[in-house]
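Data block below; observations after.
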Amino acid sequence: MEPLTRGSSLAEASCVCLGSGRFLRAVLVPAVEAAGLKSIVFQTRGNSFLSMMYGPRRSKGSYEVDTVEFDGRTLTTSHPIIAAGTLGTAEGQKAWAALPAQLPHLRVIGVGVTEAGLAPGTAAMKDLCQFLYACFKADIQGPLSIINTDNVPGNGPKIRSFVTEPTQLSKVTALPETSKEMEDFLSFLDNKVVFHSTMVDRITSQRVGDGDVPRAEPLPTKALVIEDLGNVLPAALEEAPGVVIRRTAGEIEIDHSLKLRVANAIHTAMVYCMALSRMPDTSACIGHPLIMPYIQALYEQDIVRMTSMGIPLAEVQSVYDDWVRRLQHPQFGLGCLFVSQNASQKLGLRLLPTIRASIDAVGLPGPAFAFAVAAMLRFLTPCGPQPRLAPNVFMGSMDPKPQAQPTEDNPKRAKRSNGTEIVYVGDLTADFEAGTYSFRDGEGTVPRLLQAAQAAAGAVGLADEGKAGRIAVLHSAVSKVLSLQAGLDSVAATPFVSLVAAYYVKMVDGAPCMEVLRPIVEEAISMKNIPVSAREDMGTELMRPLRPGEIARVVRDEMERVQVVDLHTHLFPPSHGDLMLWGIDDLLTYHYLIAEYFQTAPRAMAPASFFARPKAFQADMIWAALFVQRSPLSEACKGVLTTLEKLGLRQELRARDLSGIRRWFAEQDPDAYCEKVFSLAGVKYCVMTNIPFDPTEAKHWRPAKKAYTRRFRSALRVDPLLKGDWETVSACLTAANYPQTLEGARQYLRDWAETMQPEYLMASTPHDFQYAGKEGDGGSCQSSKDGKKGGQEGIGQGCGVTMIDKSPKGAELLEKVLIPVAEELSLPIAMKLGAHRAVNPSLGTAGDGLVAADVGDLRRLCTAHPQVKFLATFLARVSQHEAAVLANKFPNLHLYGCWWYCNNPSIIREITAMRLEILGTAFTAQHSDARVLDQLIYKWSHSRRVIGEVLAGEYVSLAQTGWKLTREEVRRDVERLLGGAYEEFMQK
Ligand code: RAT
Ligand code: ZN
C-alpha cells in the first residue's frame, strides 16, 4: 500500500487532516467540503482508512457517512477526498512532511486527535509541529487555520503552546539549524497560523457490520463552533451546515458553558437513576413518565439560571430544546453506565456551576437537582460483597426489578447470574439481570467514604432508636463528599446539602430511586398551576426590591419566561388533518403576504390564476418577490425570518435556500412538531376558531369529536349571525334538521356549544354593522327574554317580521339568538370590530380591509346586557382610545390584543402604553391570530419584546416616585397581561 494515495491532483487540496477519526470524518471534512474546500486525510496509525479508501471494497476517492434521521431512516452521504495517507510508516511520515510544498492553496489543518493526544510531547503534537515546519519551509502564505475536533476548552491556545514547547521542537526532524531560522519559524507561527478554539458535537457510532463507516445522529445546530477573532477562516465555512463561527472574544466560552450546564448536565443528572433502575440505555427516557418531566424540572427550576451570566434566555432555551430533541433520538441512546463514568469529576464540572447559581439566586436549587446529586451518590455507594477487582474498582447494586415479587432477599446481595453480564467499558461490567455493576471513580475517595459511612450507619443499627443516629452518619458523609468534591461547605449551601442527604438516605435504605423521584416530579408538574407567589416562598430573589437599573432586564426575563394564553388563533390540532396549517409553504402563503405580494405582482399574475396554482408554486412566487427581489422588511416577512431562525434554520436562511428549508420541514412529524412550536413559543394553550357552519370543520366534531391535546381550546365562531347571513344560517339549520326559526338557530348554537365546549362565542362584525340597543332599530324589537320563548315562532314572527320576504338583520340575530344563548350558557361573547370584508374580493382572505367601527355599538351592547361578558378587539387604530375608555367603564368588557393591522411593533407599542395608562393591567395585551402553527413563534417573540419595553418604561416612571417593585410583582403583572387577566375575567 502506498503511503499517500491520490485520487486527483494534490494541488487542489486546501485542507489537510491529521487523524481520520469520527469527528473528522462526520463533522470537519463534510463542513469544509460544504465550503468548497477539498481535503487530504492522514490517519495517525495503521492503514485501515487508507485501505478502505483505495482497497478493492470501495470506489476510489470517497468515504461514506450514515446519518440516522429521527424517524429511523438512514441517509448515506459520500465524501470525496483528494488523497489519504498514514503516519504509521516511515514512508508515510516522509510523505506527510513533503506535503506542504505541494499544496499552494492550503488554508485549513484539521487536528483530529483524542484528548489524550492533546498534551505536550505526544506523537500527534510532534506530527503537527513537523507539518507546520514544512509549511514554513514551503513559504505557505496562509493564513493557516488549525481546527481541532476535541472538546477541551481553550484548545486553540493549548495546541499552540504544545507545538511550540522547546522539547517538542527538538523532536522535529530537520528543525531549524540556526537560531535565526528558529525565530523565523516562531514568527511564522505567530503571523501566519491561527490556532482556533473549537467545540465539536455530534453523536457518532459506526455502521452495524462495517466499523469503517461512521453512523451519526442528524447534524446538531452547533456541530462545530469555531472561534475566529481575526476573521481569517474561509468565508464560505460560515455557511456550512452545523458550523457556527464566533468572532467575539468570550462567545465560545459561553458555548462551552451552555453545553456543560445544559446538555452534559442533563445527561449526568439522568444516567445514575436510570442505570440503578436497570435501564441500559439513555433512549429509555423517550416517553418515560418520570424521566422527561424530571429533565424539564431540572431545566426550568435551575439550569435556566444561565441567564444570570448574561446569556439570553432564548439561547439557553434553544440549546435545551436541541438537546431534548437529540436525547429522544431512538437510535442514539448511549449506555447509561458508559455515561456514568467519572461521576465525582462530573459533579464538579457539570452540576456544580448550576447549583451555585441557584444558591446565589434563590438560596436552594430545586428538589430535582438535589435528587440528581443524591442518585449519583447512591450509584457511587459500594453495595454487597466486594470481590477482589482491579484497584479502585467497586461493586454496586441496582434497584430491585419493579415487577419482581417481594422477597426476603436483600437487593444489595443480588447474586450475579451467569451469561447476562456485559462489559460497558474497559474492565467494567454490568449485569442488568442480576442488578450488579462494577464502577470506578477517580482514586476511589468518594466510594470509600460512602462505604465507610454505610458500615458506620449499619453499626448504629436499623432499629428505630438507632434511626436518628444512622441518618446523622449518612448525612455527615454526604456533606463531606459535597464539600470535598464540590466545595459546597458554606452556610448558604446547607439547605441544599440537607436535601441531597435526605434523598440519599431514602435510597440507601432501599427505596428505588424512581420511587424517590416520583413525588418530586409530581410536585414539579403541579407547581406550574399554582400561582407563582405561593410556590416560591424560598424566593428571596423574587421578593427583593429591584434597583432602577435592573428593571429593564428583569422585565425582559419575565416577558421571555411567561407561558402565555393565546386567546384567539385560527390554529387546529394535528388531529384536524389538512386544517392544521404549518411549514414553510403555509408560512409563505399567509394572507398578509399574499396581499403584500399582489401590491407589486406582474400584471400577468392575476389573482385567479395565482390561486389556481399549487401552494408550493404560490410560495415560490412570494419567496422570490418578497424575500429575494426585495428586502423582507414588513412585519409579516420578518415574522417568517424570526420563525425560521428560532427553529434553527439560520444557515438555510442565510443561503436563502428555500429547498433546504422545505427539506427540513418535510422531516418533521406533525404531532411532535406541534408540541415543539408551543414550547418554543412559550404558549400555554391557544383558543382555536371553530366554525360549525363550515362543513370541512364540522366533520372533525361530529359524529365523533376528534381528540386534541390540552394546548388547544375551542371557541364557537358565528360570523354569519352578525353578518345577517340568514341564507347560510338557514341552510345549515335545514341540513341539520333544525327548524328555520330563531329558536332553531338558538338550539343549533346550544347543541354546538355542547359539542365543542367552547371558551366563548365569537363573531366579527360586518363593516356596516349597527346595534341600537334592545329597543332600538336594527331590527330588534324584542328583548332577549322574549326571544327565548321560542319553540313555535317562525322567523320574525315574534317581532312582526315575516320570514318569507325579509331575513333578520345581524343586530336582530345578535339580540335574539346570540345574546340569549350566551346568557343561558354563561358564555362570554368575543367581538372583533372593524374589518371590512372583501374590499378587494379577488384576493380572497387577503382582500379584507378595515373600517373605523362605531365603538358606540359596543357601548350599547354592554349597557343593554350587563349580565353578559364581552371580550373585544378593534381593528382600526383610531378606535383604540375610545375602546380603552369604554373598558374602563364597563366591568363586563375586557379588551384584548392588537389585531391584524394593529399587530405591528409601532402600533403595539402605542396601544399598549395607552391601555396601561388607562386600564392598568386589566386587559390582555396580545393575541396572535396565528393561522399557521409556526407563526406562534414569531408573533409571540415580537410581541413579548415590544410589550416588555413599554412595561419597563412604565415601571421606571413608577420607580421615580420611590415605589419599590419586586421581581415577583413584575412576574405577576406580566402573567396578567399575557393571559392571567383574561382568565380572571372569564372566571368573574
Ligand atoms: O387576522 C386575520 O387573520 C384575519 O384574517 C381575520 O381572520 C381575523 O383575525 C378574524 O378572526 O376575523
Ligand atoms: Zn382572527
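Ligands are counted one by one from 1 in listed order, and the atoms in each one are counted from 1 as well. Atoms considered below: every heavy atom in the structure, side chains included; atoms not considered: hydrogens, waters and symmetry mates. If you read the sequence from its start, that first residue is 1, and numbering goes on from there.
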Margin query: Pairs of nitrogen or oxygen atoms closer than 3.5 Å, one from Ser764 and one from ligand 1: do any exist?
Written below: no

Note to self: Geometry only, no angles: is Arg717 polar-contacting ligand 1 at N/O separations under 3.5 Å?
What the structure shows: yes

Identify, for [atom], the protein heavy atom at the shortest distance, and state residue, atom and that distance.
atom                   : answer
atom 9 (O) of ligand 1 : Asp929 OD1, 2.6 Å
atom 8 (C) of ligand 1 : Trp899 NE1, 3.3 Å
atom 1 (O) of ligand 1 : Tyr592 OH, 3.3 Å

Next item on the list: Check whether any heavy atom of His927 sits under 4.0 Å from an atom of ligand 1.
Entry: no

Notebook entry, point to check: Judged by non-hydrogen atoms, does Thr845 sit under 4.0 Å from ligand 1?
Noted result: no

Notebook entry, point to check: Which atom names give the shortest non-hydrogen contact between Ser575 and Lys706, and what distance separates them?
Noted result: O-CD, 3.6 Å

Note to self: Looking at every non-hydrogen atom in both residues, tell me the closest pair between Ile622 and Thr589 and how far apart they are.
What the structure shows: CD1-CA, 4.2 Å

Item checked: Parallel, tilted or perpendicular: rings of Phe678 and Phe712 (30°, 60°) -> perpendicular

Checklist line | Asp929, N/O/S atom nearest the Zn ion (ligand 2) | finding: OD1

Pairing donors with acceptors under 3.5 angstrom, does anything connect the side chains of [X] and [Y]?
X      : Y      : result
His865 : Glu815 : yes
Asp725 : Thr728 : yes
Thr921 : Asp973 : no

Next item on the list: Please confirm whether the backbone N or O of Arg711 pairs with a side-chain atom of Thr709, one donor and one acceptor, at under 3.5 Å?
Entry: yes

Notebook entry, point to check: Once rounded to 10°, what is the value of the angle centred on the Zn ion (ligand 2) between His570 NE2 and His568 NE2?
Noted result: 100°

Note to self: Quick test of your reading of the structure: of Arg931, His591, Lys832, whose heavy atom lies closest to atom 7 (O) of ligand 1?
What the structure shows: Arg931

Note to self: Out of all atoms in ligand 1, which are within 4.0 Å of some heavy atom of His570? Include the element for each.
What the structure shows: 7 (O), 8 (C), 9 (O), 10 (C), 11 (O)

Margin query: Show the atoms of ligand 1 that are less than 4.0 angstrom away from any heavy atom in His568.
Written below: 9 (O), 11 (O)

Checklist line | Phe617 six-ring face occupied by Arg613 cation (under 6.0 Å, within 45°) | finding: yes

Item checked: Ring-ring centroid check Trp900 His591, cutoff 6.0 Å -> yes

Notebook entry, point to check: Heavy-atom contacts under 4.0 Å between Tyr901 and ligand 1: side chain, backbone, both, or neither?
Noted result: neither

